[in-house]
Amino acid sequence: MGEELLGRLYYKLEILRLLTEYESLQLEKLVTELGVSEDEVRELISDLSRNFLIKVEKGRLVWLAGDNPARIRPWGWNYVYKQLVGSTMLIAKKMEPWTAVVAEYQLRGYGRHGKKWISNLGGAWISLKMDLPDKTAQVLPVVLPVALCQLLREKWEVKAAIKWPNDIIVSGKKLAGMIVEGEVIEGKILAIVGVGMNVNNEPPLEEATSLKVLLGRLIPRNSIIAYLTGIAQKIESLAKNSKKYQALYLEMLDTLGRKVRALKADGTIVKGVASSVTETGDLIIETDAGSLKLSSNEVLKLGYEE
């Protein structure tokens, strides 16, 4: 990123930081705080208004509370909100269980197998740390993508589907991704779930999309944060209906019945037809040599074949 772009990013993040401290800000105060001209302040606000629900009213800048993550306090969670981080996952790893970390911009966001996740302004970048029984933790990769698809379908009538293992896609384009990491501590699983969702941002990749692009308007992001923390809060009770969620997962899975090409972590390639998914999210592929079960930890990349 060039020096000028970095400077503009800094100013934008500083405006957002100030808006977390005050319900509204006079433009004159922004000029003083940022050390730039009023014309530059207005230009920065114009840029921000493409990704955030902010507006100028009677010379004051206002950020809609429903889009400002500093205004939400999810019940039962230690809630951490920051403008700029390396990775919400790395912060969550150092926190106590039942911590939710939300950021406006990640410099080092990552997905499965360390793949870079571009986390620009206007998206929802969230990590949730939980301590769970082993059986509950095992169904996280199935329950969470189903729940997110349900939200998108019911609240915004977005025809979301799942690409194995847990990418959320719309018309073949990626809308959201998830990563689940964990370790065993004293008989329980410390699970950290990262969710990256393109909401009001402009995804820089052609194969991605956002809610703003799909709906043609900006969406208050706090409803998404509240929904995800609410689902995670009751994950133990939801896990008792694991067969129901597996059936829903299979129904929503775009991958089933398609010819796939799986690149494994050891460099080998598996080709075949995706036939099913186990209760814990492993993919069953029918190959020329017979059925093969692959976990998401084994597969670096899954592609579709014509």
Side-chain angles (χ1 to χ4, degrees), residues 110-118 138-181 193-199 203-211 213-215 231 238 241-306:
Y110 65 90
R112 292 190 314 112
H113 302 289
K115 294 177 184 174
K116 182 176 176 61
W117 180 276
I118 299 172
Q138 287 180 4
V139 301
L140 279 173
V142 170
V143 173
L144 291 181
V146 166
L148 191 49
C149 270
Q150 287 176 325
L151 173 69
L152 291 162
R153 292 179 177 190
E154 294 168 9
K155 190 173 181 67
W156 294 295
E157 298 182 353
V158 169
K159 295 180 179 178
I162 302 169
K163 181 180 178 183
W164 187 86
N166 44 34
D167 283 348
I168 307 301
I169 61 172
V170 180
S171 300
K173 293 194 172 186
K174 187 170 179 176
L175 179 65
M178 298 184 191
I179 178 174
V180 181
E181 297 180 349
V193 178
V195 179
M197 184 170 176
N198 297 320
V199 184
L205 303 177
E206 188 178 337
E207 60 268 26
T209 189
S210 69
L211 273 182
V213 170
L214 294 168
L215 301 177
I231 288 292
L238 296 178
N241 294 317
S242 60
K243 291 190 181 300
K244 167 192 169 183
Y245 278 93
Q246 185 187 15
L248 288 169
Y249 181 90
L250 291 173
E251 176 191 318
M252 297 174 176
L253 194 62
D254 180 71
T255 310
L256 284 190
R258 300 187 68 158
K259 291 181 180 179
V260 297
R261 182 179 186 271
L263 172 62
K264 295 178 65 178
D266 63 7
T268 60
I269 294 173
V270 176
K271 293 184 180 181
V273 176
S275 63
S276 187
V277 174
T278 69
E279 191 172 322
T280 55
D282 293 339
L283 182 66
I284 308 298
I285 298 178
E286 304 301 329
T287 72
D288 291 340
S291 296
L292 184 65
K293 181 171 73 172
L294 294 175
S295 73
S296 59
N297 289 332
E298 293 178 273
V299 178
L300 286 176
K301 185 177 182 181
L302 186 80
Y304 295 154
E305 302 233 310
E306 297 298 330

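Numbers here are sequence positions counted from 1. Model, not experiment: these values are computed from the prediction.
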Please report the interatomic distance [atom1]([X]) to [atom2]([Y]), rounded to the nearest 0.5 Å.
X      : Y      : atom1 : atom2 : answer
Cys149 : Lys159 : SG    : NZ    : 14.0 Å
Ile168 : Asn198 : CD1   : CG    : 12.0 Å
Ile162 : Leu144 : CD1   : CG    : 10.5 Å
Glu286 : Ser276 : CD    : OG    : 9.0 Å
Lys301 : Ile269 : NZ    : CD1   : 10.5 Å
Glu157 : Leu214 : CD    : CG    : 13.0 Å

Minimum heavy-atom separation for [X] and [Y], please, with both atom names.
X      : Y      : answer
Leu283 : Ala274 : CD1-CB, 4.0 Å
Val142 : Tyr245 : CG1-O, 3.7 Å
Pro141 : Asn166 : O-CB, 4.2 Å
Ala176 : Leu148 : CB-CD2, 4.0 Å

Given Thr209, which partner from the list Leu205, Leu211, Val213 fulfils the side chain to side chain contact (heavy atoms under 4.5 Å, CB included) test?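 One option only clears the test, and that one is Val213.
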Testing Leu302, Asp282, Ile285 for side chain to side chain contact (heavy atoms under 4.5 Å, CB included) with Leu294, which one passes?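 By the side chain to side chain contact (heavy atoms under 4.5 Å, CB included) criterion, Leu294 pairs with just one of Leu302, Asp282, Ile285: Ile285.
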Qualifying side-chain hydrogen bond (donor to acceptor under 3.5 Å, both in side chains) pairs, either residue in residues 169-180, two or more places apart: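 Sorted pair list: Asp167-Lys174.
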Between side-chain atoms of residues 252-265 and protein atoms elsewhere (two or more places apart, or another chain), which donor-acceptor pairs fall under 3.5 Å?
unit_1	atom_1	unit_2	atom_2	d
Asp254	OD2	Arg258	NH1	2.9
Asp254	OD2	Tyr304	OH	3.1
Thr255	OG1	Trp164	N	3.0
Thr255	OG1	Tyr304	OH	2.9

Under 3.5 Å side-chain donor-acceptor pair for Ser295 and Asn297: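 Judged by distance alone, the side chains do not pair up.
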Going by heavy atoms in the side chains, are Ile231 and Leu151 under 4.5 Å from each other?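 Sidechains of Leu151 and Ile231: no contact.
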Test item: Glu298 and Val270 side chains (from C-beta on) under 4.5 Å apart, heavy atoms: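 When only atoms from C-beta onward are counted, Val270 and Glu298 do not touch, as no gap falls below 4.5 Å.
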Sequence neighbours left out, what passes side chain to side chain contact (heavy atoms under 4.5 Å, CB included) with Glu181? Give chain and number order.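 With neighbours one apart ignored, the set is Met89, Lys93, Tyr110, Ile179.
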Any chance CD of Glu305 has more than 12 other-residue heavy atoms, nucleotides or ligands included, within less than 6.0 Å?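 Yes - once you tally the heavy atoms of other residues, nucleotides and ligands closer than 6.0 Å, there are more than 12.
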